[in-house]
There are 2 protein chains.
Amino acid sequence: MLPELKITPLRYVLAVVDQGGFHAAARQMHRTQPALSMAIRELESRLGEALFERGSQATLTPFGRYCVPRFRELITQHDRLSRELTAQVERQAGHLDMAAVPSVASRLMPGLLADFVVRYPGIRVSLHDGNADFVREQVLAGEVDLGLTSLWEGNAALGFTPLMRDGLGVVCRDDHPLAGREEVHWEELMGESLIGNGTSRMLQDTDAAALREHYAFYISNMISLTAMLVAGLGVTTLPRLAFPEEYERLRFIPLSEPRVEREIGLLQLAGRSLSPGARAMADFVARALE
Amino acid sequence: MLPELKITPLRYVLAVVDQGGFHAAARQMHRTQPALSMAIRELESRLGEALFERGSQATLTPFGRYCVPRFRELITQHDRLSRELTAQVERQAGHLDMAAVPSVASRLMPGLLADFVVRYPGIRVSLHDGNADFVREQVLAGEVDLGLTSLWEGNAALGFTPLMRDGLGVVCRDDHPLAGREEVHWEELMGESLIGNGTSRMLQDTDAAALREHYAFYISNMISLTAMLVAGLGVTTLPRLAFPEEYERLRFIPLSEPRVEREIGLLQLAGRSLSPGARAMADFVARALE
DNA sequence: CTTCTTGATCAATTTTTCTTATCGCTTACG
DNA sequence: CGTAAGCGATAAGAAAAATTGATCAAGAAG
């Protein structure tokens, strides 16, 4: 049965050694002198050997001299751990993995991350991007702490916090008849050369579901899609956030009827709390997007 | 102000993790389940972050998962230290430095040490030999924990525990007139070719002090001395323990008048306790020599 | 639906830790 | 030489902490 060494009495011993006396040590420790006397005596009896020479004042025994550096080492390790955990809790350190759909990753995250690293310089962030299914799977598998995506189907194991709405619109080239319009009704698209993409499932279960039958192409890759739009090969529907603003010739016209919106929000495992770093990010994102 | 982590609650956490539940852990720790619940809750509040998922049973939070290996590490280090100190106290480990006069070192210590290492296999011993002044200085300077010697002059800083008496006698070659005698009176030596040696000061302040004026030689080196005795160049006085029994032609005849004895015993710093290993040796030697 | 198990909670109690007051001893100083 | 100051030990009581026993609510198993 090996004795349990409590940290505090070890600290007392070091204080006595460093300060050269029980009184001075007590002052340093914000304790009274008898408190140290008794705590150290208790420690000695637990070890079965005196640490301080009795009679002589605050002189270490040979065994005490043997112990002191070891006590110091253990206390150092304790303090290091305590400091490390505190840093985690206070978000001065830590890391988090997150996944986001491409539109969020490329349009929202750059600015968000820039602010985040200023606010939490110690927290390292890994951001993975992929489509909504990918994000969902990553969160579900615990591969990432957080997802930033729109949720297509609920799941008891997932917790979703909506943060912003993102309305669907038509994207076409600037010389297209629809280009100057304020808004578009879905039936106006029936005659167009329609290009389907990954976000087209937003039309599912809406009045405009019939559009999905009329795709001339289906392109999942965003680069390819924009290239085709720029080439004037057709029009497509995209949520506003996914609309590539950097292409001068493309225009975004909101869909007025039906008004289709996706809800972008934070996805996480339900019933599972977040690491301090992940919570910092979740709170930060939620606050930034209101 | 960094929080003070007590070892026991950390152990509770590991027990819950390893046993997969509070009840099982409580059994292992010989505590009741509420004790663990409350201790862990207190630890959590001290850290400012939950370790276990509330609601779910004995599931770690991400922060908890982060902590567990670190807790385990600290506890391992604590236990290693505790074990190490216990080993010292129980004399299963340790070391000691001692010094002894040559006669003791060569005649007594070999057998003593052989038994000692059987009894205390973990304790390493360093044995230095030198004359009584050397031993005394080594002890006084704290260079060695223990001395095994005879004490010529007391000192408040030294503690001496007599263990055995060692009587002075005359040493001569087997063809010397005194060789067959049972004992010798000091006055019988006045006509002899007397060789003085380091132990001759035992005659100081005795009836035979006059002999010191009649030395034909003074030889401090034991090898030289025995060579001269074997060569028949004279006789000398030696305590029995210093008499080199391995020389077949030499004889030891006790001095009857005056009866001069040196007291051989343990020398140590007064008011300074011994290391566990040194105390083991001191007790061992004292018991062996009664 | 009932039963069993799990962890949480609360009050009571035991244990531990700390303080106040005091003692005996040593040291420094006039 | 004697006095005052400083030190650590000690005892008794107070405060704080840990632990228990009993009980509760919730989820899992039958």
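For the numbers below, each heavy atom of this structure counts, side chains included, while hydrogens, waters and symmetry mates do not. We name chains A, B, ... by the order of the sequence lines, and we start the count at 1 in each one.
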Heavy-atom nearest nucleotide on DNA chain D taken for Glu53(A) and for Met38(B); more 5' hit belongs to Glu53(A)
For this session: Assign Ala39(B) to base, sugar-phosphate, or nothing according to its heavy-atom contacts below 4.0 angstrom with the strands shown.
Result: nothing
Rounded to the nearest 0.5 angstrom, the OG1-CG distance for Thr149(A) and Leu267(A) is 7.0 Å
First and last nt of DNA chain D near chain A, cut-off under 4.0 Å to heavy atoms, 5' to 3', are dC7(D) to dT10(D)
Would you please indicate yes or no on a ring centroid separation below 6.0 angstrom for Phe22(B) and Phe52(B)? yes
Here the residues of residues 11-32 of chain A within 4.0 Å heavy-atom distance, strictly under, of DNA chain D are Gly21(A), Phe22(A), His23(A)
Between CG of Leu51(B) and C1' of dG7(C) the distance, given in whole Å, is 15 Å
Could you tell me whether Glu49(B) and Arg91(A) have a side-chain N and a carboxylate O separated by less than 4.0 Å?
yes
Taken to the nearest 0.5 Å, the spacing of Ile7(B) CD1 from Leu74(B) CG works out to 4.5 Å
Applied to residues 65-93 of chain A, the ring pair (Phe, Tyr, Trp, His ring centres under 6.0 Å) test, sequence neighbours excluded, yields none
Contact between Arg272(A) and Glu53(B) at the side-chain level, heavy atoms closer than 4.5 Å - yes or no? yes
To the nearest angstrom, the CD-P distance between Glu42(A) and dT15(C) comes to 14 Å
(Q) If you compare every side-chain N and O of Lys6(A) against the phosphate oxygens of dT17(C) (OP1, OP2), does one of them come in below 4.0 Å? (A) yes
Separation of dT6(C) atom P from Ile40(B) atom CD1, nearest Å, is 15 Å
From CG of Leu36(A) across to C1' of dC18(C) the rounded distance in Å is 10 Å
Within the 4.0 Å heavy-atom criterion, would you say Arg54(B) contacts the bases, only the backbone, or no part of the nucleic acid? nothing
Are any of the side-chain nitrogens in Arg119(A) or Asp283(A) under 4.0 Å away from the carboxylate oxygens of its partner? no
In plain terms, say whether Asp79(B) and Arg11(B) are close enough for a salt bridge, that is, a side-chain N and a carboxylate O under 4.0 Å apart.
yes
Rounding to 0.5 Å, atoms CZ (Arg165(A)) and CG (Leu163(A)) come to a distance of 11.5 Å
